[in-house]
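Here's the structure we're looking at; comments come further down.
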There are 2 protein chains.
Amino acid sequence: MSVPNTDVRSLVAAALPTPVPADEYDGCPVTGLLRLLSDKWSMLVLVLLGRQPYRFNELHRAIGGISQRMLTRTLRGLESAGLVLREVHPTVPPSVEYRLTPLGRSLLGPLSGLADWAVRHEPELAAARRPVTAATSSGPR
Amino acid sequence: MSVPNTDVRSLVAAALPTPVPADEYDGCPVTGLLRLLSDKWSMLVLVLLGRQPYRFNELHRAIGGISQRMLTRTLRGLESAGLVLREVHPTVPPSVEYRLTPLGRSLLGPLSGLADWAVRHEPELAAARRPVTAATSSGPR
DNA sequence: CGGTATCCATTTCGATACTG
DNA sequence: CAGTATCGAAATGGATACCG
């Protein structure tokens, strides 16, 4: 991401009633987490795997509209972050199971905090949704 | 986003001890929120504005490395979502202040939940960071 | 079954120049 | 000061074909 001058971690620490220690940090972990989750499928996969383990094609079917390539990439990303465990059973045909690691499961809580907020504030969000006036060149987000 | 078959909202509802009502929903609000925040700058801007109001160029300086264009776009996005208020003072030279709306401020809590998690689990995250083996074509995320 | 390789479309981001 | 316009680069995502 080429971390910006301003560090998210020190910011949230200062912005909150119960600031975090923040004694030492090199690459802001908050930024890292956001980078990891800020794609089209990661959070969806996490939540699905939070319900039960899945095999590759099960997951592929459960999520409608994802390509094999993106599912693989997403799983690899989550795996390399230590949130998802990939278990290969050397049978024929091969069978691969994906499940959350304990670390991954522990993320479900905070994730749901955000989700809850979105659901609770849906009316206000819907009410606020006006075009504002004009966008800054190139189409809407 | 062209919402996938699987709806994040019903999923988090089912995955949690305290499920949300989820009586009726068209465009999943959770997905909408994620779409809004899943860019390079939005969360950073939110957290900064959570500390104090900023004028445009103040903000520009506070965030190192953002272009004027992206700052404008980011602010417009948050504004049209009802999270940020844009106040124009018709002075000369012009002065524009940005601050969080109450709705925006209410988002700081859940946001910090995620940030706290990242900070608290930083050791585990760092420990888990291994290349896994190989990526699925095209460069690393 | 569970991928990988290739190619292509879209989106996002940033640098630069210019304006009321 | 606070933007807008334009352009190009890069990241991201998807379709298709193929493989152990």
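Quantities reported herein were computed from a predicted structural model and do not represent experimental measurements. The sequence lines fix the lettering, A, B, ..., with proteins before strands; numbering per chain opens at 1.
Comparing C:dC13, C:dG3, C:dT6 against the side chain of B:Arg69 picks out C:dC13 as the nearest. Distance from the side chain of B:Arg35 is smallest to C:dT12 among C:dT12, C:dG14, C:dC1. Nearest to the side-chain atoms of A:Pro94 among the listed nucleotides C:dC13, D:dG20, C:dG3 stands D:dG20. Nearest nucleotide to the A:Trp41 side chain, out of D:dG14, C:dC13, D:dT4: D:dG14.
No donor-acceptor distance shorter than 3.5 angstrom exists from the side chain of A:Ser38 to the backbone of B:Asp39, with no hydrogens or angles considered.
Applying the 4.0 Å criterion to OP1 and OP2 of C:dT4, one finds that A:Arg76 has a side-chain N or O inside that range. Residue B:Tyr98 places none of its side-chain N or O atoms closer than 4.0 Å to OP1 or OP2 of D:dC1. Dashed line: the shortest gap from a side-chain N or O of B:Lys40 to OP1 or OP2 of C:dG14 is under 4.0 Å. A sub-4.0 Å separation between OP1 or OP2 of C:dG2 and a side-chain N or O of A:Arg73 is absent.
In this view, A:Val92 satisfies the side chain to side chain contact (heavy atoms under 4.5 Å, CB included) rule with no residue, not counting sequence neighbours. Listed by chain and residue number, A:Pro53, A:Leu85, A:Glu87, A:Glu97 satisfy the side chain to side chain contact (heavy atoms under 4.5 Å, CB included) test with A:Arg99 (two or more places apart in sequence, or in another chain). For B:Gln52, the side chain to side chain donor-acceptor pair (under 3.5 Å) criterion is met by no residue, not counting sequence neighbours.
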| Does the pair B:Met70 and B:Lys40 meet the rule for a side-chain contact (heavy atoms from CB on, under 4.5 Å), with working shown? | CA-CA 9 Å; B:Met70 287 318 295; B:Lys40 200 168 175 180; over 6 Å; no

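In this structure, CE of B:Met70 is placed 18 Å from P of D:dA9, rounded to the nearest angstrom. At whole-Å resolution of the value, NE2 in B:His60 and P in C:dC13 are 15 Å apart. Computed from coordinates, the A:Leu71 CG to D:dT12 C1' distance equals 16 Å when rounded to whole Å. Across the protein-nucleic acid pair, A:Leu75 atom CG and D:dG13 atom C1' stand 16 Å apart, rounded to whole Å. Computed from coordinates, the A:Glu87 CD to C:dG2 C1' distance equals 16 Å when rounded to whole Å. Rounded to whole Å, atom P of C:dA15 lies 11 Å from atom CD1 of B:Ile66. When rounded to the nearest whole Å, the span between CD of A:Gln68 and C1' of C:dC7 equals 16 Å. Between the CG atom of B:Leu37 and the C1' atom of C:dT12 there is a distance of 16 Å, given to the nearest Å.
Residue pairs meeting the ring pair (Phe, Tyr, Trp, His ring centres under 6.0 Å) criterion with at least one partner in residues 72-129 of chain B, sequence neighbours excluded, are B:Trp117-B:His121.
Inter-residue side-chain proximity for A:Leu37 and A:Leu107 is flagged as met; some heavy-atom pair is nearer than 4.5 Å. Using a 4.5 Å heavy-atom threshold, the side chains of A:Asp116 and B:Val30 count as separate. Taking the side chain as every heavy atom from C-beta outward, A:Leu49 and A:Leu83 never approach each other to under 4.5 Å.
Each end of the helix from C:dC1-D:dG20 to C:dG20-D:dC1 yields a helix axis from five base pairs, and these two axes differ in direction by 50° (to the nearest 10 degrees).
Contact check of residues 52-59 of chain A against DNA chain D (heavy atom, cut-off under 4.0 Å) returns no residues at all.
Taking CG of A:Leu48 as the reference point, atom CE of A:Met43 lies at 11.5 Å (rounded to 0.5 Å).
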